[in-house]
Structures are given as C-alpha cells and as structure tokens.
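Here the structure is laid out as structure tokens; the discussion comes afterwards.
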Protein chains: 2
Amino acid sequence: MTEKTPLKKRSRARGHGANDTGFLDGFLLYLLARASAEASADLHDMVRKRGLSVPEWRVMFTLHDGPCTVGEMAAHTLMQQPTLTKLLDRMETAGRVKRQVDPADGRRVLLTLTPTGRAHNDALMPLSKDYEAGLLAGYTPAEVTALKTALRKLIDRGN
Amino acid sequence: MTEKTPLKKRSRARGHGANDTGFLDGFLLYLLARASAEASADLHDMVRKRGLSVPEWRVMFTLHDGPCTVGEMAAHTLMQQPTLTKLLDRMETAGRVKRQVDPADGRRVLLTLTPTGRAHNDALMPLSKDYEAGLLAGYTPAEVTALKTALRKLIDRGN
DNA sequence: TCATATCATATGAATTTTCATATGAAAAGG
DNA sequence: CCTTTTCATATGAAAATTCATATGATATGA
C-alpha cells in the first residue's frame, strides 16, 4: 500500500551514539568522501531509476565530451581497467557504447556513444544540471568558485 | 630489477584526447568524486600495504571515536548494510573488531575494536594526520576552513 | 629485422558487493 | 496477552570487482 519510496532512505544516521564530534568529523578525506556520496545520492537514484548503473552513467557522461580510450576512461571514471573492460562488455552488449580499435595505434581502443547511448545521455544531462543547481542554491557564486577551485587543486595535486 | 613502485601509478591520464574542457570538468559532483579519489589514493595505498582494505580501515577509524551499531557504521562508512555485515564477518574472524548484542535493545549489535584492531589503528592514525597535513600544505588556514565548511554543508544538505 | 622491452586492453579465478528477503527483537493495537 | 507492524541485522544466490597475468601491438636497440 505504501507507494514504496526508494529515494531518500539514507537520511537519518546522525545525531546520536558516538561519532559526532570525533576525529573523523574534522578529517578532510572523510569529509570529501562523505560529501561526494551524500551530494550524489539522489541523482544516483534517479540515474538507476532510468535503468543505468552509476558506473555506466559515468562512462556515458564522459563520452559526452568526446571519444576516448579505455585507459583514459578508467582514469576519468575512477575505475580499475579490468573493471572497466567488463563494464564495457556489458554496455556494448546493451548497445550503449561502441568500441573500435584506434587506426593510429592498434593497441588502443576508442570508445564512442551509440545513438541509443546518446539519447539516454541527452535525457540525463538537463536533469543533472538542474540537480547541481539545486545543490548549489545555498551558496554564493564566490563560494561555488572557491569550492570548485579548491577541489581542482586537490585533483591536480594527485597527478 | 626496478624495485617496483606501486605508489603513484595513477599519474598521467590527463592532458590529451578529449575530456579536458568539457562539461564534466565543471560539474560539481564529478569534481567531488574525483577530488576524493585522487586525494585519498596514496593514503589508501599505504593502508593496503599494512594489510587492511580501505573499507576495513574506514570501519576501524570510525570505531576510534567510540563504539557504534551496525546501522550507524554503514551510514558512516558509506556502505550498504549487507555489505558491511559481511565485511564485519571477515573482520571479526581476523580478530579486529568485536560484535555484541546491545543489552538495551536486542535488535542492535554494538561494534568495538579488539586490542589488535586498536593497535593497527594507532599505527595508522599519525600517518593519516601527516598525510592530511601534506595535502593541505598548499592552502591557507582560511581556505582549509572554508573548504571543510562547504563540504559539511553538502553533507548536511543530504540529511 | 629480429629479438626484447613496453604499452594498451582482455581474461579468469577468487573475492566482494548487491538485491531481495529471511530472522528475530521491540512497539503498537485491540 | 496476543497479533500485527516496525526495526536492526543476517543470509543466499546472482552480479560486479579485483588481482595477477595473458595477449597482442608498437617502440627500441643491436
């Protein structure tokens, strides 16, 4: 009877027990991981509702910006290469992406979206933009810029 | 001969092909996920070198701040509950954590560190602090505060 | 131009995670 | 009380991920 509300189930889990003012709460890597997970949760639910897993969606979103090789994709989507290869097998079977050997270098495989994949993507793109806008509603433009700059700095530091 | 350098292998993967100035590079959720992954990578490598998986380490780190239930732990470590239950099975077998039914509520299970677990933890704690200090070296204290505040805001927004 | 080293992706067995659901404990209602 | 509902954790089969390594393509050097 209860309509089943899969969205927003990860809501409480805070405010009691221990773990509220401990070491972790000031630890940058924890804040990053948790902010990333919490901020993405609802969008990820929407993505799954449309029949895509989050890794699949990441792959397709990356391809929106143009084709790339398997290795580049692995780095971009934060996956290990064998994990990605197997995901690509499934996505190729599902008709969402296409693999073709790079004519310039027979070791590389170039990935592109199929029309089907592009359609999925186009449907999700505005959704994602709206979602991000909603997330950032409580911040001033300066704050947003500062946050993104700081994040980019962290990313580059790793490379 | 080459000493094997497992650290810092995820280094290039940027600067060519497409995907350098596309949609993704400005997308907050992408920046968050990637910053989290890149910033943590080397510490995670150190953790694994000491014989812990990253999820195990997260569980133990959380317990450093005090005992908690399985559900609280799942929320804190960003895992699904069945995933955590099975991880706990392994960690209990390995002698790192202890489970005991909450005397106040027979449904809940309270988690604590064993002495062995605590020892691992104590060894990793200073390492983690140093690592974070290194990460934040390029930022002013004000920037650090602003970043952490922004991240906390994102976390709270989800709840 | 052959070895040989290196690089990019694929493969397979073992491990881990997930999804759906079961189990058992407390709360609520009659 | 006794039934029903809700809550917290566990379980089991299926799916995805990982680790180590294989495969096949391209540089490199004698």
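These numbers come from a predicted model, not from an experiment. Chain A is the first sequence line, chain B the second, and so forth, proteins listed ahead of strands; every chain is numbered from 1.
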Practice task
In whole angstrom, give the distance that lies between atom CG of A/Asp102 and atom C1' of C/dA8.
Solution key: 11 Å

Practice task
Quick one, give me the B/S/- string for nucleotides 9-18 of chain C, reading 5' to 3', where B means a protein heavy atom under 4.0 Å from the base and S means that only happens at the primed atoms, P, OP1 or OP2.
Solution key: BBBBB--SBB

Completion exercise
In whole angstroms, the gap separating C1' of D/dC19 from NE2 of B/His44 amounts to 19 Å

Handout entry: Salt-bridge present (B/Glu92, B/Lys98; N to O < 4.0 Å)
Key = no

Handout entry: Partner set under ring-ring contact (aromatic ring centres under 6.0 Å, His included) for B/Phe27, not counting sequence neighbours
Key = B/Phe23

Problem - Gap between atom NZ of A/Lys86 and atom CD of A/Gln80 - 0.5 Å precision - result: 11.0 Å

Problem - Trace of the salt bridge (Lys or Arg N to Asp or Glu O under 4.0 Å) decision for A/Asp105 with A/Arg108 - result: CA-CA 6 Å; A/Asp105 182 341; A/Arg108 301 187 200 188; 3.5 Å; yes

Exercise for the section: For A/Leu78 and D/dT17, give me the distance from atom CG to atom P, rounded to whole Å. Expected result: 13 Å

Handout entry: salt bridge (Lys or Arg N to Asp or Glu O under 4.0 Å) between A/Glu132 and A/Lys148, worked out
Key = CA-CA 13 Å; A/Glu132 168 161 359; A/Lys148 288 188 176 177; 3.0 Å; yes

Problem - Protein-nucleotide distance (B/Glu56, atom CD; D/dT18, atom C1'), rounded to Å - result: 14 Å

Handout entry: Set of side chain to side chain donor-acceptor pair (under 3.5 Å) partners for A/Asp89, sequence neighbours left out
Key = A/Arg99

